[in-house]
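Scroll down for the structure; my scribbles are underneath it.
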Amino acid sequence: MLDQAIIEFDKAVRTVFASARSRRPVPGEDVPDAEMSETERAHAAALMRVNHVGEVCAQALYQGQSIMSRDPAIRDTLRQASQEETEHLAWTERRIAELGGRKSLLNPVWYGGALAIGLLAGRFGDRWNLGFLAETERQVEHHLKGHLDTLPPADQRSRAIVEQMKVDEADHAETAVRLGAHELPAPAKAVMKLAARVMTTVSYRL
């Protein structure tokens, strides 16, 4: 148990403080960076910071849920999804730097809160755990669609990243449903949407 605790702590530290790496090519890396105004670049960087925070939270959620899961197959699924989210971390971090932005100052707070939520979700059993995962990914997919609508039209590099992230999140939701996810009640979905709105609003600026 001590070894596992060290591994989980190391994972948290790496997510919050280290630079992530991607095994897949960065979407849009062959697309020339477009000319944009300072306002457009700042807006795009802020949107990518929000997306980066979402991936920080996803790492913590998956970590908490996998710790609590009783089913080895579900733990493996959560870990696979977590690996893809790590790639999203790398993509968004790189794009933030290209745009001259910075990562959220509150990443340790976001991570800690999401980890607590993941641990709590896992306590309700694997089917509800999967239901929480499916609903989270649906809401993230919807959120990414909104970013595609508001990114500067010329910013095709950011757009390529967000589009691939959207595809991956939809796949994660479908996988959770296929494994037997329970549908969450409407009040739980509403609370999740409210929490996400707070996170996106604050991280856009900080």
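Hydrogens, waters and symmetry mates play no part in the numbers below; they use all other heavy atoms, side chains included. Only a predicted model underlies this, so the values are computations on that prediction, with no experimental measurement involved.
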Could you go step by step and tell me if Lys189 and Glu183 meet the side-chain contact (heavy atoms from CB on, under 4.5 Å) rule?
-> CA-CA 10 Å; Lys189 294 180 182 181; Glu183 186 73 16; 2.4 Å; yes
Carefully, step by step, assess His52 and Val56 under the rule side-chain contact (heavy atoms from CB on, under 4.5 Å).
-> CA-CA 6 Å; His52 184 268; Val56 168; 3.8 Å; yes
Take Val140 and His172, measure what side-chain contact (heavy atoms from CB on, under 4.5 Å) needs, and give me the verdict at the end.
-> CA-CA 11 Å; Val140 171; His172 296 165; over 6 Å; no
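Under the side-chain contact (heavy atoms from CB on, under 4.5 Å) test applied with Ile161, the options Met48, Arg94, Gln156 reduce to a single match, Met48.
By the 6.0 Å contact criterion, CZ on Arg123 is open, its count of non-hydrogen atoms from other residues, nucleotides or ligands being 12 or less. The number of heavy-atom neighbours closer than 6.0 Å to CZ of Phe124, taken from other residues, nucleotides and ligands shown, is 12 or below.
Aromatic ring pairs are classed by plane angle as parallel below 30°, tilted from 30° to 60° and perpendicular above 60°; the pair Trp128 and His182 is tilted.
Val50 places a side-chain heavy atom less than 4.5 Å from the side chain of His143. Counting only heavy atoms from C-beta outward, the side chains of His147 and Thr200 never approach each other to under 4.5 Å. With a 4.5 Å cut-off on side-chain heavy atoms, Leu99 and Asp155 count as touching. Residues Ile117 and Phe132 meet the side-chain proximity criterion, which asks for heavy atoms closer than 4.5 Å.
A single hydrophobic cluster is not seen to contain both Leu119 and Met192; linkage of ILVMFWY side chains at heavy-atom distances under 4.5 Å, directly or through other members, places them apart. Using a 4.5 Å cut-off between side-chain heavy atoms of Ile, Leu, Val, Met, Phe, Trp and Tyr, with links allowed through other members, Leu148 and Val53 fall into different hydrophobic clusters. A chain of hydrophobic side-chain contacts below 4.5 Å, direct or via other Ile, Leu, Val, Met, Phe, Trp or Tyr residues, connects Leu144 to Leu47. Linking ILVMFWY residues whenever their side-chain heavy atoms come closer than 4.5 Å, directly or via other members, places Tyr111 and Leu89 in the same cluster. Hydrophobic clustering of Ile, Leu, Val, Met, Phe, Trp and Tyr side chains at less than 4.5 Å, counting indirect connections, unites Leu151 with Val26.
From Ser104, atom OG reaches atom CE of Met199 across 9.5 Å, with rounding to the nearest 0.5 Å. Between the CG atom in Leu133 and the OG1 atom in Thr136 there is a gap of 6.5 Å [rounded to 0.5 Å]. Here the CG-CG distance, from Leu120 to Leu61, works out to 11.0 Å after rounding to the nearest 0.5 Å. Taking CG of Leu106 as the start and CZ of Arg205 as the end, the distance is 13.5 Å to the nearest 0.5 Å. We find the NZ-NZ distance between Lys166 and Lys145 to be 7.5 Å, quoted to the nearest 0.5 Å. Distance check, rounded to the nearest 0.5 Å: NE2 of His43 to OG of Ser158 gives 10.0 Å.
With hydrogens and angles ignored, the 3.5 Å screen pairs a side-chain donor or acceptor of Arg49 with a backbone N or O of Arg102. Side-chain atoms of Arg21 do not come within 3.5 Å of backbone N or O of Thr86 as any donor-acceptor pair. Proximity of a side-chain donor or acceptor of His88 to a complementary backbone N or O of Gly54 within less than 3.5 Å is not detected. With hydrogens and angles disregarded, no donor-acceptor distance shorter than 3.5 Å links the side chain of Arg157 to the backbone of Pro27.
The closest side-chain donor-acceptor pair between Gln164 and Asp168 falls under 3.5 angstrom. Residues Ser203 and Trp110 have side chains that never bring a donor and an acceptor to within less than 3.5 angstrom of each other.
Closest approach of Arg41 and Ala34 over heavy atoms only: NH1-O, 3.9 Å. Across all non-hydrogen atoms, the minimal contact from Met165 to Thr92 is SD-CG2, 3.8 Å. For the pair Ala134 and Ala176, the tightest heavy-atom approach, listed with the atom from each and the gap, is CB-CB, 3.9 Å. Listed here is the closest heavy atom pair of Pro152 and Glu40: CG-O, 3.6 Å. Heavy atoms only, all atoms of each residue included: Arg127 and Gly180 are closest at CD-O, 3.2 Å.
Ion pair Asp33/Arg95 flagged as a salt bridge, since at least one NZ, NE, NH1 or NH2 atom sits closer than 4.0 Å to an Asp/Glu carboxylate oxygen. Salt-bridge check for Glu163 with Arg159: failed, with every basic side-chain N at 4.0 Å or more from each acidic carboxylate O. For the pair Glu135 and Lys193, the salt-bridge criterion is not met [side-chain N within less than 4.0 Å of a carboxylate O].
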